[in-house]
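Here is the naming used below: chain letters follow the sequence lines, and residue numbers restart at 1 for every chain.
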Amino acid sequence: MEYKTTLTTCPYCGCGCGFYLESIDGRLVGTIPSKTSPVNKGKLCIKGWNVHEFVQHPNRLTRPLVRKNGELQEVSWDEALDYTADKLRNIKEASGPDSIAFFASAKVSNEENYLLQKFARAGVGTNNIDHCARL
Amino acid sequence: MSENIKTKVAELLSSGQIKGFLGLRSNEGHIGPYLFTNEAELDSLVVGDWKNRGDSRYPLNKCLINIACKYPEDTFGVLVRGCDERGLKALYTWNQLNPNKVVAVGIACPQELADACECLKPYPDECVDDEKAKACEQKAVSSIDALAIADRFALWIREFTKCVKCYGCRDVCPMCFCKECSVGSDDLIHTGQLPPEMPIFHLTRAVHMIGRCIDCGLCNEACPADIPLRTLYKKVADIIDKEFQYRPGYTDAKSPLNVL
Ligand code: SF4
Ligand code: SF4
Ligand code: SF4
């Protein structure tokens, strides 16, 4: 029997509310907002309160999918990344870097967002970068 | 914090009377719920005092229900204040926990916390320390009662207007255990609608908590809109006490409304 309360940060938006994820034998069973987190002081929004539900949801994608012969198929990360890199390279060669746009995310860290814009600007060569909240 | 708690919990763990002790732990500057399974960890056991006495309390009984659902044959210890002990007593009457599988370790609240809670019984029946705070006057309720009825209604509507319908008041509540939730049922509340219907959303919950709410105040602390939910539920509890002579958790009796 293993009951754990893991202090972590909400993955939903850029606020960064702190909460404890309750788990029993490796399965999540609850979310409890941290009273000592200076960001949310024991409060959460409706999405944060339900974080433990979506992580283990059967509809959640856990592996990359690539459409082959009209059907989505599970593939390895290497294959998915090679496929995407090839496509992006082809599009850039055919139509120029400004034919590509990037969406950064509130659900990742500042450092990851920095890397994405660096990739967009220095790697691909476009300023077409925006944030998921404006989607 | 008194060392008596640690001594008591260490005894319970080493004698094998309990499989684990659900309490609060201070870790890397944060206080949160934690299941202690060996004595060596007890150094980090705390009672939830952070910036103020008792400002980092958590719904431990709710965590205990989660554990007991999965391990119904095992006995666990749990840290209780007066309100948590009331919670246990009421949860036993609602068959949500088995009293034979729970060992409560009680602590009395300091007067400062009792005053902030306007608590009627700031200590459990049995606690590791003798010093007990005094029961408090219900000033929040009486100050609203003193208003003319139209002003009272206006005050509550003004408060309810702030609601963002996060359901935090329900999700944090150690006494919320229904499989089908009244405030999540489309027959009573339009669940997808924002703002929630006023005052139906809040009054539905207030009425539903009759015979359950043990006045711990955790809902109030979880409300991002600072709606004085606790005052509302205290008032409802007063009405029920007057009409039915019953307050949940103050006796081992079932709520008179259990039978309805
Ligand atoms: S409600 Fe009473 S028993 Fe509970 S924390 Fe407040 S003062 Fe203590
Ligand atoms: S916690 Fe406050 S804001 Fe959230 S649903 Fe309850 S009353 Fe509304
Ligand atoms: S005070 Fe709030 S959180 Fe505590 S039992 Fe009553 S309704 Fe539930």
Side-chain angles (χ1 to χ4, degrees), chain A residues 1-60 105-107 109-111 132-135, chain B residues 19-37 46 48-52 54-60 62-71 73-74 76 163-172 174 184 191-192 194 217-226:
Chain A
M1 130 95 205
E2 187 187 50
Y3 172 83
K4 279 175 47 174
T5 42
T6 308
L7 182 60
T8 185
T9 309
C10 183
Y12 261 123
C13 83
C15 274
C17 292
F19 50 58
Y20 290 90
L21 284 176
E22 269 185 289
S23 61
I24 302 182
D25 300 331
R27 300 281 302 171
L28 295 179
V29 295
T31 306
I32 310 170
S34 161
K35 294 255 177 142
T36 46
S37 161
V39 177
N40 54 309
K41 298 179 181 160
K43 301 155 205 313
L44 286 174
C45 78
I46 190 165
K47 293 183 290 175
W49 272 110
N50 291 288
V51 155
H52 62 284
E53 304 257 338
F54 79 83
V55 175
Q56 294 158 163
H57 197 280
N59 289 353
R60 184 172 177 206
S105 172
K107 299 184 186 188
S109 65
N110 285 338
E111 291 76 4
C132 72
R134 292 215 300 201
L135 189 58
Chain B
K19 192 144 190 213
F21 180 76
L22 194 56
L24 299 172
R25 178 175 74 149
S26 172
N27 188 34
E28 293 173 352
H30 289 280
I31 297 176
Y34 187 74
L35 185 72
F36 295 85
T37 49
V46 294
D49 299 341
W50 185 47
K51 291 189 175 156
N52 294 302
D55 61 356
S56 287
R57 295 178 297 121
Y58 285 85
L60 293 178
K62 191 164 201 135
C63 306
L64 186 60
I65 293 176
N66 277 339
I67 298 173
C69 279
K70 202 76 197 295
Y71 288 91
E73 299 304 324
D74 292 318
F76 293 94
C163 178
V164 295
K165 218 180 179 190
C166 66
Y167 284 97
C169 44
R170 170 197 69 183
D171 291 342
V172 81
T191 49
L194 252 182
L218 290 176
C219 51
N220 218 136
E221 293 176 10
C223 178
D226 281 334

Measure [X] against the heavy atoms of chain A and call it side chain, backbone, both or neither at under 4.5 Å.
X	answer
B:Asn27	neither
B:Lys165	backbone
B:Phe36	neither
B:Val172	both
B:Tyr71	side chain

Taking A:Thr31, A:Asn50, A:Asp25, A:Ile32 one by one, which has the highest count of heavy-atom pairs under 4.5 Å against chain B?
-> A:Asp25
From the list B:Gly20, B:Cys69, B:Gly32, the residue making the most non-hydrogen contacts under 4.5 Å with chain A is B:Gly32
Top contributor to chain A contacts, counting heavy-atom pairs under 4.5 Å, from B:Leu218, B:Leu22, B:Asp74, B:Asp171 | B:Asp171
What part of A:Tyr3 gets closer than 4.5 Å to chain B, counting heavy atoms only: side chain, backbone, both or neither?
-> both
Looking only at heavy atoms, which of residues 4-17 of chain A get nearer than 4.5 Å to chain B?
-> A:Thr5, A:Leu7
Identify the heavy atoms of B:Ala222 and A:Trp49 that sit nearest to each other, and give their distance.
-> CB-CZ2, 4.4 Å
Please answer whether the main-chain N or O of A:Lys35 pairs with a side-chain N or O of B:Tyr58 as donor and acceptor at a distance below 3.5 Å.
-> yes
Which pairs of donor and acceptor atoms, one on a side chain in residues 36-46 of chain A, lie under 3.5 Å apart (sequence neighbours left out)?
residue: A:Thr36; atom: OG1; partner: A:Ser34; partner atom: OG; Å: 3.4
residue: A:Thr36; atom: OG1; partner: B:His30; partner atom: ND1; Å: 2.8
residue: A:Thr36; atom: OG1; partner: B:Ile31; partner atom: N; Å: 3.2
residue: A:Ser37; atom: OG; partner: A:Val39; partner atom: N; Å: 3.3
residue: A:Ser37; atom: OG; partner: A:Asn40; partner atom: OD1; Å: 2.7
residue: A:Asn40; atom: OD1; partner: A:Gly18; partner atom: N; Å: 2.8
residue: A:Asn40; atom: ND2; partner: A:Gly18; partner atom: O; Å: 3.0
residue: A:Asn40; atom: ND2; partner: A:Lys43; partner atom: O; Å: 2.9
residue: A:Lys43; atom: NZ; partner: B:Glu221; partner atom: O; Å: 2.8

pair B:Ile67-A:Met1: side-chain heavy atoms closer than 4.5 Å | yes
